[in-house]
Amino acid sequence: MSTLSLNLPTIQNWSCHSCGGCCRQHLIELTEEERQRIIEQNWTEADGIPADQPVMVKMSRMPWSKTYRLGHQPDGACVFLDDEGLCRIHAKFGEAAKPWPCRIYPFAFHPAGKTLTVSLRYSCPSVVSNLGQAVSKQGKSLKEMTRAVVPDGVEKIPAPKVSPRGTVEWNDFHQFIDALDQTFAGNATFTVKLLQALYWLNVLENAHFGLVNGSRLTELLSIITEAARADLTEDQLTIEQPRKAGRLQFRMLAAQYARKDTLVDLESGVSGRIKLLKAAFRFARGKGTIPPLQEAFKEIEFASLERPFGGLTDEADEIFTRYFRVKIRGIHFCGRAYYDLPMIEGFRSLALIYPSIMWLSRWLAAGDGRDELTTDDISQAITIADHYHAYSPAFGQMSFRRRVKLLAQTGDLQRLCLWYSQ
Ligand code: SF4
């Protein structure tokens, strides 16, 4: 039971608007206590539970499996989701009777030394649209959550490494977080700020900063972030198409974001996997039509997404800036929150979500017969992609990490950010 104080995002609002999205996207694993509570709640068809629909099922088909999750209806919705988009457990027994994962979403709590830092999942449309109460005013309920779910001793977790050899104390790690956040708080467009951040992180990585700490680190960060701001401005950027090999790696990455994991798991396992393998082959070829991996996407030509789509609206620019600042301040891109990756590597992985979201947004717009992006396309694409950020095991695998490294080393990471920003 953690009593650490919370570091809340000050630029984010959120209240639930009962869209039911999270009740369709997530498989909710239950503790034994939660399973017993649901048994005691004695759910029947009279409560609106669909006929022949178990309210809980085993996580795995293996006979020895003892872990349970909430059941889902044939359309993928949680068995407790009613026709109005409300939770039946919440309606009948109150919020406290729901399993903890349902109560916590879309919040995420991460170790930050003597505090816990709070991030949000942008798979929730209300988070993307910044709707509801200021998160900074929700400290009391968030504190209750952390007391219940965050174990003792998190303050002993060391700060994430900055690079594979760059171990730092929390005080210095927070300096990097502040510098990244300040880069995104600047006045340039989101794409320029992202390229500035990548630029100064590259300089740091090559500078073997390991011996620099405390006030010398403050000075170093001030110099290189200032240099990035001066060297990288809108009119100095040249848009180039990413190399062929980079485009292939990128399509495989975008495919990871475009698929729907929960429904495939719910579908027949083998046929679902064969479908995914065939789709992976088509993504690798990058020719012909893109296999629509979920219902939001239509079958259109790969080539049709490679022309300019009008770039970011001011609103979309604000959403991306807020999205990155919340993930940065919430340390939701490295360390314990992101497969134990060092900060620079984790940030490159986060950076790649930008061209991925822009590519998915183009797919949504082109599928609708439009040749310009709207803020709605981008918002929807963020909810699709962020569902996986830090939660899909695929993103922590070596094959994925090699892909990110290759794209960074060849300069294709920057080219992709620019190419799909237009
Ligand atoms: S996705 Fe967000 S707004 Fe929709 S039901 Fe879940 S928490 Fe509420």
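Order of listing sets the numbers, starting from 1, for every ligand and every atom in it.
Under a 4.0 Å criterion applied to the non-hydrogen atoms of His17, ligand 1 contributes the atoms 3 (S), 8 (Fe). Distances below 4.0 Å separate heavy atoms of Trp14 from the following atoms of ligand 1: 7 (S). Close approach of ligand 1 to Ser126 (heavy-atom distance below 4.0 Å) involves ligand atoms 3 (S).
Between the side chains of Asp377 and Thr374, at least one donor-acceptor pair of N or O atoms lies under 3.5 Å. Side chain to side chain, Arg282 and Thr289 meet the donor-acceptor criterion of an N or O pair below 3.5 Å.
Relative to the ring axis of Phe309, Arg362 does not place its NZ or CZ within 45° and under 6.0 Å from the centre.
Of all the heavy atoms of Cys19, the ones lying under 4.0 Å from any atom of ligand 1 are found in both the backbone and the side chain. Here Pro106 has no heavy atoms under 4.0 Å from ligand 1, in either its backbone or its side chain.
Taking a 4.0 Å cut-off on heavy atoms, Pro125 registers as neighbouring ligand 1.
Protein heavy atom nearest atom 5 (S) of ligand 1, with residue, atom name and distance: Gly20 N, 3.3 Å. Counting only heavy atoms of the protein, atom 2 (Fe) of ligand 1 lies nearest to Cys124 SG, 2.4 Å.
For Cys16, the nearest N, O or S atom to atom 8 (Fe) of ligand 1 falls under 2.8 Å. For a distance bound of 2.8 Å, the N, O or S atoms of Cys22 include one lying that close to atom 6 (Fe) of ligand 1.
In this structure, Phe184 has its ring center no closer than 6.0 Å to that of Tyr323. Here Tyr338 and Phe333 keep their ring centres 6.0 angstrom or further from each other.
In this structure the side chain of Glu205 never reaches within 4.5 angstrom of the side chain of Pro342, judged on heavy atoms.
The pair Asp47-Arg88 fails the salt-bridge criterion, with no side-chain N (NZ, NE, NH1 or NH2) lying under 4.0 Å from an Asp/Glu carboxylate O.
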